[in-house]
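Just so you know, these numbers use all the heavy atoms, side chains as well, and skip hydrogens, waters and symmetry mates. Keep in mind that what you see is a predicted model, and the values were worked out from it rather than measured. Chain naming here is simple, since letters A, B, ... match the order of the sequence lines and numbering starts at 1 in each.
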Amino acid sequence: SQQGEEDPQALSIQEGENATMNCSYKTSINNLQWYRQNSGRGLVHLILIRSNEREKHSGRLRVTLDTSKKSSSLLITASRAADTASYFCATDAGWGAQKLVFGQGTRLTINP
Amino acid sequence: NAGVTQTPKFQVLKTGQSMTLQCAQDMNHEYMSWYRQDPGMGLRLIHYSVGAGITDQGEVPNGYNVSRSTTEDFPLRLLSAAPSQTSVYFCASTGGGSYEQYFGPGTRLTVT
């Protein structure tokens, strides 16, 4: 069974708006990552947040982590058409770097 | 660096046939993994390796074999293809103390 569940499953917004995606997981973790997947391509790593961190920024990305609620959110500010992709959260489920457990993903569409 | 490469990109098999999906990385990563992605789903771990000569099962290992004779290569073998194995297969690697996984472009497999 998959560790993470993402919400919403699909999100469509206008260019320039902010996009927020949420991820919930089931077990204790060492860290949580977010990946992007463009249609028909492999996944690309976006950002990692450790279990002792609450918030992390990278460019237009902001990730929060609430270990008490076993949840994380990814905020993309000032969205662009090129941000159209599927976004996945992944946790190590306490195992290690070699075994990631992925959520089902949020499909984000940015309308020009 | 080429990163993670996978061959072939597309493959069609008949039920009962066997084949090997190739994966190679040139980043000297100790960890390598195979995932499958079904439509509208996240990735599920099939097998993984923590170093040459060491492999272990993931979430969905049945019907697949792996071996790791070198650091660079991690082939995935389908023993007797079934329609349920129709999927997109991704190979990934990580190492050097990082949790960030680098993904290959994927192999789209159809079993008829």
Side chain, backbone, both or neither of A/Leu43 within contact of chain B (heavy atoms, under 4.5 Å):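 Both the backbone and the side chain of A/Leu43 come within 4.5 Å of chain B.
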
- request: Check whether A/Gln37 gets within reach of chain B through its side chain, its backbone, both or neither, counting any heavy atom under 4.5 Å.
  value: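 The side chain, not the backbone.
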
For [X], does the [atom1] atom sit with more than 12 other heavy atoms under 6.0 Å from it, leaving out its own atoms?
X: A/Arg60; atom1: CZ; value: yes
X: A/Arg50; atom1: CZ; value: no
X: A/Glu15; atom1: CD; value: yes

ILVMFWY network linking [X] to [Y], side-chain heavy atoms under 4.5 angstrom:
X: B/Tyr31; Y: B/Ile46; value: no
X: B/Val88; Y: B/Leu21; value: no
X: A/Trp34; Y: A/Leu61; value: yes
X: B/Tyr64; Y: B/Val50; value: no

query: For B/Gln6, is it the side chain, the backbone, both or neither that has a heavy atom under 4.5 Å from a heavy atom of chain A?
result: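 Contact with chain A involves no heavy atom of B/Gln6 at all.
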
Any side-chain heavy atom of [X] within less than 4.5 Å of one from [Y]?
X: B/Leu43; Y: A/Tyr35; answer: no
X: B/Tyr99; Y: A/Gln33; answer: yes
X: B/Phe90; Y: A/Arg41; answer: no
X: A/Lys99; Y: B/Leu45; answer: yes

- prompt: At what distance, to the nearest 0.5 angstrom, does CD of B/Gln101 lie from CG of A/Asp92?
  reply: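 If we round to the nearest 0.5 Å, B/Gln101:CD and A/Asp92:CG are 10.5 Å apart.
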
- prompt: Should A/Leu100 and B/Tyr35 be marked as a side-chain contact (heavy atoms from CB on, under 4.5 Å) after you check the CA-CA gap, both sets of side-chain angles, and the distance that decides it?
  reply: CA-CA 10 Å; A/Leu100 291 187; B/Tyr35 296 87; 3.5 Å; yes

Option that, when pairs with chain A are counted at under 4.5 Å, heavy atom only, ranks first among B/Glu30, B/Gln37, B/Arg108: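 Ranked by contacts with chain A, first place is B/Gln37.
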
